[in-house]
Structures are given as C-alpha cells and as structure tokens.
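Every chain is numbered from 1 and lettered A, B, ... according to where its sequence line falls, protein lines coming before strand lines.
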Protein chains: 2
Amino acid sequence: METSDLKKAGLKVTLPRMKILEILENSETRHLTAEAIYRELLDSGEEIGLATVYRVLTQFEAAGLVCRLHLEGNQAVFELERGGHHDHIVCNQCGRVEEFFDETIETRQREIARQHGFSIKDHALVLYGDCDDSACPHRPV
Amino acid sequence: METSDLKKAGLKVTLPRMKILEILENSETRHLTAEAIYRELLDSGEEIGLATVYRVLTQFEAAGLVCRLHLEGNQAVFELERGGHHDHIVCNQCGRVEEFFDETIETRQREIARQHGFSIKDHALVLYGDCDDSACPHRPV
DNA sequence: CGGCTCGATGATCAAGATTCTCATTTCTAT
DNA sequence: ATAGAAATGAGAATCTTGATCATCGAGCCG
Ligand SMILES: [Mn+2]
Ligand SMILES: [Mn+2]
Ligand SMILES: [Zn+2]
Ligand SMILES: [Zn+2]
C-alpha cells in the first residue's frame, strides 16, 4: 500500500523508507520529529543514519506523502499526509497535539486574503494552551 | 519615548538598544530578522556584535517591547509591539508581510480550544500566498 | 566633575537542527 | 547475475541562536 506511493513518486523502495513510513503510520501521537523517528529506528535495532531520516522525510514531503509542521520549538514535526487538511492545538505543558478543522476559519482566511489582494496558497494555524489531560503535568491536583 | 520603556523594564539605556529600537521603528517592512537589523547597523557605521542584537531582541521580547514571529524560513522575525494583536499574510514570492485582525477567527479559535478542553493562551496564524504588488517578481507582465 | 560598581557589550566559542559530501551499498531493470 | 543509477551512512559543514568572559560604559554617589 505504500510501495506503490513510493514508486509513483519516483523513489526506490528501500528499507529505510519503508521503516520510516511504518513508524509514521503506527505512531500514537502521529506528529513526530526527525529525531524521534531516528531514535525509534535505533531502538528497534535498525542501522540508519540521521541524515537519511531527514533526507527521506524531505523527499516524502516533496512527494506529498508527509507534511512538515513548524510548531514553536526548534524542531520540525512530521505527520503522514492523510488527505484532509487540518490545523493544530498544542499543549504548552505536555506537548500533546490535537487536530481540528473549522470551515468558518477557512472561509474567513480566504476572504481576508482576497481583501488584501493575495491569492492564498497555504496557511499555518496553531493554537497554544493548557490541555485537560489528567496526565498533563500542569493540572492542579 | 523609548528610554522610559527601557528603564521600566530594568534595562540600561545604551547605544545598541536605542539604535535597535530606532531601526525597528523606522523600518519600512516593520518585520525584521536579527540579521537584517545587524546588517543595517553595520551599514550605518555602528560597531555592534551580532550576539548583542540577538541578546537585546530577546530582552525586548521579555519586556514586551517587541514580539517574535516564526514565519516559514529558518530565521525568526521581530516587530515592535504596538499593542494590538494581529496575524500575518506573507507573499511567497517577494516576502511582503501584511497584517490583519479578524474577530470571527479569534472567536472561533476560542470556541475550538474550549471544545477540545484547552484553555488557549496564544496562537499563530500565517497565510501564505502570492501578492498583487506590481513589484512582486511573480506577477505576469 | 571624577570615580565606583554592576550590568552591557563584543569577540569568540558552542550548541542544536538540518543539510551536504563522498565513498560504499542497494535497487531495479535487463 | 550484472550494470547503472540511486540511496545510504558517517561525518563534516552550515546556519541560527545562545553562552562565556574579559572589557567597557551607564547610572549613581560624593
Ligand atoms: Mn496533524
Ligand atoms: Mn506584524
Ligand atoms: Zn497537556
Ligand atoms: Zn509579493
């Protein structure tokens, strides 16, 4: 199911690429840094270079297989492209990431861009706050 | 008009700090990287270290005098804090930055955060597109 | 005004993230 | 299986930003 996507993108089907796809598919959080993917590969006994992880992720992004998020913090975050556009809410305390899609906001963005004479191609919206997860360290006990 | 703000923040009034404020005030684009500020200072004959620019900007941010934006691209962008919150539209071609504020979007963000159990503290919204500036390199001639 | 003290500065080094280089390995098509 | 092209891994390199530390200067007192 992925090998065809790789071939479609003109990318050889290699072990590092398959493994990286696998990790992105099976991840709980679904939003991973290159480092996190790299560490998971090392932990599972794969011999892989960090450079390969970055290289492959960039290629996947170009091929539309993953997208790259720039949340605050210095590392980019990658997630599998599942077709539906969405934006993100990030917990300042525990880092949990939730997704949402709001047509009202999407529409307003298009209107605003038009009013300013821009033809909008993309946007990045991230909400930052404190979540209500019982495991979240900031919660009052 | 700024020296008092510096003192209020517990910062000595020094030449580098004044010059940096000056550049932020007089800049056409109003959104500058640390490097851009540094180069402008060098060009105007000031002897200043890049480290000082970064240090001062970080202090200004902590003091609420400037805010730091993370647009796509690897460098942070700084602008004078003028009191009113706003979000940004960036031209993919020429880099022009426009500002907007939309109460509908702000309200929806709060509602969405609440629905997800987050108490929202902040957000980052940037629209990317092609602008209609006649000087913008991408325009069809 | 002249000096004192501590914060500020600038040069340099350092750290973290990401990319590049290049010799070696691995796909893929024949 | 073989050749050719592409991919990999190790490490160096780059870029942005922050840390160190000796020197300098702003603010304060007399
Ligand atoms: Mn997502
Ligand atoms: Mn702005
Ligand atoms: Zn949380
Ligand atoms: Zn433009």
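- One atom, CG of B:Leu71, and another, P of D:dT16, lie 14 Å apart when rounded to the nearest Å.
- Proximity of A:Arg17 to the phosphate of D:dA7: a side-chain N or O atom is located under 4.0 Å from OP1 or OP2.
- Protein atom CG of A:Leu50 is 12 Å distant from nucleotide atom C1' of D:dG11, rounded to whole Å.
- A salt bridge links A:Glu111 with A:Arg108: the closest approach of a Lys/Arg side-chain nitrogen to an acidic carboxylate oxygen falls below 4.0 angstrom.
- B:Ala76 comes within 4.0 angstrom of sugar-phosphate atoms only, judged by non-hydrogen atoms across all strands, and of no base.
- Not a single donor-acceptor pair under 3.5 Å links the side chain of A:Arg68 to the backbone N or O of A:Ala76.
- Using a 4.0 Å heavy-atom distance criterion, B:Glu35 is classed as making no nucleic acid contact.
- Counting heavy atoms from C-beta outward, A:Glu98 and A:Leu127 have side chains that stay 4.5 Å or more apart.
- Contact check, B:Thr58 against D:dT17: no side-chain N or O comes under 4.0 Å of OP1 or OP2.
- For the pair B:Arg68 CZ and D:dG18 C1', the computed distance is 10 Å after rounding to whole Å.
- A salt bridge links A:Glu103 with A:Arg110; the closest basic N to acidic carboxylate O contact falls under 4.0 Å.
- When the C1' atom of C:dT26 is taken as reference, atom CE of A:Met18 falls 14 Å away, rounded to whole Å.
- Among the nucleotides D:dA6, C:dT9, C:dA8, the one closest to the side chain of A:Lys12 is D:dA6.
- The shortest distance between the side-chain N/O atoms of B:Thr14 and the OP1/OP2 oxygens of C:dT9 is below 4.0 Å.
- In this structure, the CG atom of B:Leu15 is 16 Å from the C1' atom of D:dG27, given to the nearest Å.
- The two residues B:Leu24 and B:Phe78 come nearest to each other via the heavy atoms CD2-O, 4.0 Å.
- Between the CG atom of A:Asn74 and the P atom of C:dT18 there is a distance of 8 Å, rounded to whole Å.
- B:Tyr54 has no side-chain polar atom (N or O) that falls below the 4.0 Å cut-off from OP1 or OP2 of D:dG18.
- Counting only heavy atoms from C-beta on, A:Thr52 has its side chain closest to D:dG9 among D:dG9, D:dA7, C:dT9.
- If B:Leu11 and A:Arg55 are placed on DNA chain D by their nearest nucleotide, the residue sitting closer to the 5' end is A:Arg55.
- For the pair A:Gln75 CD and D:dC15 C1', the interatomic distance rounds to 16 Å; values are reported in whole Å.
- Summarising the geometry, the separation between CD on B:Glu47 and P on C:dA11 is reported as 7 Å, rounded to the nearest angstrom.
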